Amino acid sequence: MSKRRIVVVGNGMVGHHFVESLVKAGGENAITVLGEEPRPAYDRVHLSDVFAGRAPADLALATRETYRNWDVEASFGDPVVKIERASKRVVTETGRVFEYDKLVLATGSYPFVPPVSGADNERCLTYRTIDDLGEIKAKASGSRVGVVVGGGLLGLECGNALRNLGLETHVVEFAPGLMGVQLDDGGSAMLRRKIEALGVQVHTGKNTKKISAGKVSALQMEFADGSHLDTDMIVFSAGIRPRDNLARDAELAVGERGGIVIDYKCKTTDTDIYAIGECALFGGRIYGLVAPGYRMAEAVAAQLGGKDAQFVGADMSTKLKLLGVDVGSIGDAHGRTEGSMSFVFSDGRQDCYKRIVTSADGKQLLGAVLVGDCDDYDTLLQYHLNDIELPADPQSLIVPHLGDRPLLGVGALPATATICSCHNVTKGDVVSALDAGCCSLGDVKGATSASTGCGGCAAMLKNLVEDELAARGVTVDKSICEHFHYTRQELYHLARIGEIKSFDALLAEHGSGRGCDICKPTIASIMASLWNEHVLDRGIVGLQDTNDAFMANMQKDGTYSVVPRVAGGEITAEKLITLGEVAKKYNLYTKITGGQRVDLFGARLNELPEIWEELVQAGFETGHAYGKALRTVKSCVGSTWCRYGVQDSVSMAIRIENRYKGLRAPHKLKSAVSGCTRECAEAQSKDFGVIATENGWNLYLCGNGGMRPRHADLFATDLDDETLIRYIDRFLMFYIRTADRLQRTSVWMDSLEGGIDYLREVVINDSLGICAELEAQMAHVIGRYECEWRVTLADPEKLKRFRHFVNSDEPDSGVVFVNEREQIRPARAEERLRLVPVDKKAG
Amino acid sequence: MTAVEKHAWEMICQRSDLVDGSGVCALLGNKQVALFYLPGEEPPLYALGNRDPIGKANVLSRGIIGDINGELVVASPLYKQHFSLRTGVCLEQEEVSVEVYDVRLEGDSVLIGRR
Ligand code: SRM
Ligand SMILES: Cc1cc2nc3c(=O)[nH]c(=O)nc-3n(C[C@H](O)[C@H](O)[C@H](O)COP(=O)(O)OP(=O)(O)OC[C@H]3O[C@@H](n4cnc5c(N)ncnc54)[C@H](O)[C@@H]3O)c2cc1C
Ligand code: SF4
Ligand code: FES
């Protein structure tokens, strides 16, 4: 019996997926693939990754070898030019002829270039293939300015590419807003603001009339409104058009605005010819995304295998990161459905915009737009796809912190809910995979392919797998990382009880592998709170985060900031002058911090020791701004000067700061002392805050500012100086012993059963009988305090690492400053381009 | 058929310039190279481009070394992405990678080869 001959025209993403599905389904087929591009199918969706450093070869979905192994005849670089339906043959450009029993057209689409005079200039390009990419790179290397025509999804992605190539980037859009297909006006306006804030210039409502040779730049664009724009290159990204010419010439039905008409079986008007992917028109619509194309491919492969499969349309919801901005669009984003209702939320700082569209009765989610914050995307999409009934108050889905937010847990989803739309994996599929023996996220990914496409479903898949595992009684791992199957608290006890004094010893005894950037600094901090050895001691240095390792805070450009301690915020004129002189000498940016001290920014690695030498000479000590350690103890001026003050808050603040300086903890520690109830030092927003009373001090514990501000709780009242200090000693040591990694005191307290009352039991009534031990340990750590910078300056071995290059005295050429308000600041990317001479050899 | 690999080895610094269990940066022509010295590993020496392509600053030599599923990595000190010491590929964003250099110890000299 002779095999059925199946010819596939086009070897793009969908054409390849079809062949793969067909081969996997088995059956007696002789498959031939005819591709126009010179290489086998590749991942077009991730084309832009090449601009971020990925090799084009890594995008390959198949190699010639793949097809050979599958026994598929494949030819590249020779497009089909004709279909002869009567004799069931196709003819290629070089005249080769292939006969078919079934023909599958997967010819995709091409970028639309508007008919503008001058658009055929060699500096006008399009963006769809690997070859296009090479062209864009080549042209960009001699250019300063680049324009993308088209503010849709692809246009913005292309804009990002130009920006990555270092060009001053403009996006020109004909419509009044960006991404008009997916976003409503509000979302589009927010996206524009965010993109402009990144330095990409957006021009909307611009109709390009003419492109001609420019005077300042290679090209000049003229717009219908009379304005113009100078640029060195233009990339057109103004929409796609289906490649339907083969079908058109063969007199198959095509849509008015293009596209090969198909039915729900993906058949064209000739029952032996199918069309799939972006060249196909289904229900009057072109699906310009890869997932629907894959569904079509699978439907045809199944039919050819004798099954009754259909394509029933596909959801066009998308979630993307465009130029680093999260954008999500679900269903009817514009609220065009008859009688629909909309709820809009945009936050005060105009950082994010969210809109949901519901049915007239408010029960179903018809669509949504999210810009700037896509955290709700997965939940909203599930409501939409599965017709889950909305809560009585639908806006609670998008408004943050409106009381109890009705979270749609993965548990609530029906088994038919799609988790991964790229690979069409449902919740049921994931559950079956777990039933069949998968026992981790990785296993499930391997078994179902979920989350191996665009990656948009990663968070939801992880939740689902964890949820299901927990439901099966599998204990969910709380280890800090893969090297230690313990929590921070457990590690602390292991080290303390076993008197283990180094990372290597702890690893050998209780861990595996070599450690990582999670466990190393955590254990360095535990070692410091237990034994307090110098942060740059041999064996410790490699454990520290860069900030601890160089005893300064790394800034975005790789330079560091210098923050000397100014205990209690009290500083002499002499010392202030020193700070000023040092800043002037090393040309550092100077700023008063929110912690009552001075921060000096822009120090190069090699300058740090010189700068600290001068500061230490003048009597300064390190401020530990880099460590998970005590930061500042703010003070108000108190009874010494203030007419309301009832105690000397400055003296107490200085005493506290000097007592606990250098103390390493699970997270940073902040404190403040106010001289009366007016509370000018904001002590109630600190990990431990002290407020003066007529009779002594009130102690407040476990407050913080930051991301989740929390007021401290009143812990004890009218304490004398010594009791105050004793309570703080015990409190801090108990926190250090028992808190989790990067857990601030407030979160830690909430995790203790009994909360502040329990703390009172432990710290005041010594219910655990450990107070003496806590105090002794604190005394030990305090006794070993040394200014880390002073010690380092005296040790040539420790200073060794403070050079940018070990083999040259040249400075890091990546550090470039410009002036602003009479001080330095790091140059922005576009400023660097203007400042740094371009290396002519590159590109 | 395999091509014979040819390297122009160049001395870049001394063993004493290296820091055990951690990184330093050296200049090679106009390129910045991060050198990581891990006594006890085989091989003990690794060299990557020093520029963090995500944080966009020359800082990789100042990251913490570790392993993830057995793969030796450096964590960028800026935003903590991990780069493989063997392949230069970023584990969190596989499309991003940094340059990898051949490097070895010859007595007390550190030799580097351009690929
Ligand atoms: C310099 C300073 C801002 C300023 O210009 O004023 C600052 C700068 C930084 N803060 Fe802060 N914070 C500064 C006061 C604050 C304050 C206000 C205060 O202390 O009175 C807060 C809120 C109060 C609080 O912490 O409870 C604050 C809340 C944070 C947070 C959020 C903490 C939280 O629990 O939510 C972070 C992130 C973190 O630590 O993980 C942070 C982290 C940072 C880092 C370390 C971010 C980083 O990794 O680069 C910045 C280091 C800058 C540097 O190189 O020195 N900074 N930061 C302030 C330094 C104070 C000082 O003298 O040490
Ligand atoms: C930069 C970029 C980013 C994208 N991002 C996303 C995204 O994030 N999400 C998403 O879902 N989609 C995205 N897309 C769209 C996605 O790539 C397409 O939906 C998908 O590639 C369509 O697959 P296809 O096989 O139908 O067409 P194509 O991949 O275009 O393949 C068609 C192939 O057929 C060949 N061909 C055409 N005519 C002939 C002929 N006569 N003879 C032989 N061969 C022929 C073409 O050369 C081409 O290789 C993106 C596209 C681009 C360009
Ligand atoms: S608020 Fe944010 S940006 Fe400002 S100093 Fe603190 S961490 Fe940096
Ligand atoms: S939705 Fe794209 S990988 Fe799952």
Side-chain angles (χ1 to χ4, degrees), chain A residues 43 46 48-55 58-59 164 442 481-483 503-504 512-521 524 538-547 549-550 554-560 605 797 800-801 803-810 812-815 826 829 832 839 841, chain B residues 11-14 16-28 30 32-33 35-38 40-41 50-82 88-90 93-99 110:
Chain A
D43 183 356
H46 288 102
S48 302
D49 291 355
V50 173
F51 292 109
R54 186 165 170 186
D58 290 347
L59 296 176
N164 280 342
C481 67
E482 64 177 84
H483 305 101
F503 175 82
D504 288 343
S512 64
R514 300 130 165 146
C516 66
D517 55 308
I518 307 279
C519 58
K520 282 181 170 180
R538 276 180 74 82
I540 300 187
V541 51
L543 308 180
Q544 307 286 7
D545 264 321
T546 186
N547 287 357
F550 296 102
M554 179 178 276
Q555 306 298 316
K556 60 202 283 187
D557 61 349
T559 63
Y560 290 86
L605 191 54
E797 190 56 28
K800 230 171 73 172
R801 282 188 88 198
R803 349 175 232 182
H804 189 75
F805 298 114
V806 291
N807 61 347
S808 161
D809 289 333
E810 266 186 55
D812 175 5
S813 61
V815 173
R832 279 159 189 269
D839 184 356
K841 281 177 301 202
Chain B
M11 200 204 36
I12 186 158
C13 65
Q14 294 299 307
S16 58
D17 290 321
L18 304 173
V19 177
D20 279 20
S22 196
V24 298
C25 176
L27 196 60
L28 179 70
N30 60 1
Q32 300 197 10
V33 181
L35 298 169
F36 301 100
Y37 185 42
L38 310 173
E41 294 292 342
N50 192 36
R51 184 173 172 79
D52 171 355
I54 296 166
K56 303 206 189 317
N58 300 319
V59 296
L60 283 189
S61 57
R62 297 178 232 158
I64 295 184
I65 308 296
D67 74 324
I68 290 190
N69 291 325
E71 177 93 358
L72 278 175
V73 292
V74 57
S76 165
L78 276 170
Y79 303 113
K80 314 291 177 201
Q81 291 89 356
H82 300 91
V89 172
C90 171
Q93 279 172 260
E94 282 179 19
E95 68 281 7
V96 178
S97 63
V98 297
E99 237 172 307
V110 178

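Owing to the predicted nature of the structure, the values given are computational and were not obtained by experimental measurement. Every heavy atom of this structure was used, including side-chain atoms; hydrogens, water molecules and symmetry mates were not. All chains are named by letter (A, B, ...) in the order of the sequence lines, taking the proteins before the strands, and each is independently numbered beginning at 1.
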Considering only heavy atoms, which portion of [X] lies under 4.5 Å from any heavy atom of chain A: side chain, backbone, both, or neither?
| X | value |
| --- | --- |
| B:Leu18 | backbone |
| B:Glu41 | side chain |
| B:Asn69 | both |

For [X], which atoms come within 4.5 Å of any heavy atom of chain B: side chain, backbone, both, or neither?
| X | answer |
| --- | --- |
| A:His46 | neither |
| A:Ile518 | neither |
| A:Asp58 | neither |

Checklist line | Step-by-step salt bridge (Lys or Arg N to Asp or Glu O under 4.0 Å) determination, B:Lys80 to B:Asp52 | finding: CA-CA 10 Å; B:Lys80 314 291 177 201; B:Asp52 171 355; over 6 Å; no

Next item on the list: Answer with yes or no whether the side chains of A:His804 and A:Glu810 bring together a donor and an acceptor at under 3.5 Å.
Entry: no

Give the member of [options] that has the highest number of heavy-atom pairs under 4.5 Å with chain A.
| options | result |
| --- | --- |
| B:Asn50, B:Ile65, B:Val24 | B:Ile65 |
| B:Gly55, B:Ser97, B:Gly21, B:Gly23 | B:Gly23 |
| B:His82, B:Lys56, B:Arg51 | B:His82 |
| B:Leu27, B:Asn58, B:Val59 | B:Leu27 |

Notebook entry, point to check: With sequence neighbours left out, what residues match B:Asp17 under salt bridge (charged side-chain N to carboxylate O under 4.0 Å, His left out)?
Noted result: A:Arg803

Next item on the list: Tell me, please, which residues at least two apart from A:Asp517 pass salt bridge (charged side-chain N to carboxylate O under 4.0 Å, His left out).
Entry: none

Next item on the list: Please round to the nearest 0.5 Å and tell me the distance separating atom CD1 of B:Ile64 and atom SG of A:Cys519.
Entry: 9.0 Å

Next item on the list: Could you grab the distance from atom CD1 of B:Ile68 to atom NE2 of A:His483, nearest 0.5 Å is fine?
Entry: 7.0 Å

Check: What are the two closest heavy atoms between B:Ser22 and A:Arg801, and how far apart are they?
Finding: OG-NH2, 3.0 Å

Next item on the list: Select, from A:Leu59, A:Asp812, A:Asp557, the one with the greatest count of heavy-atom pairs under 4.5 Å involving chain B.
Entry: A:Asp812

Next item on the list: Before giving the answer on side-chain contact (heavy atoms from CB on, under 4.5 Å), spell out for A:Phe550 and B:Arg62 the whole-Å C-alpha distance, their side-chain angles and the decisive distance to 0.1 Å.
Entry: CA-CA 9 Å; A:Phe550 296 102; B:Arg62 297 178 232 158; 3.6 Å; yes

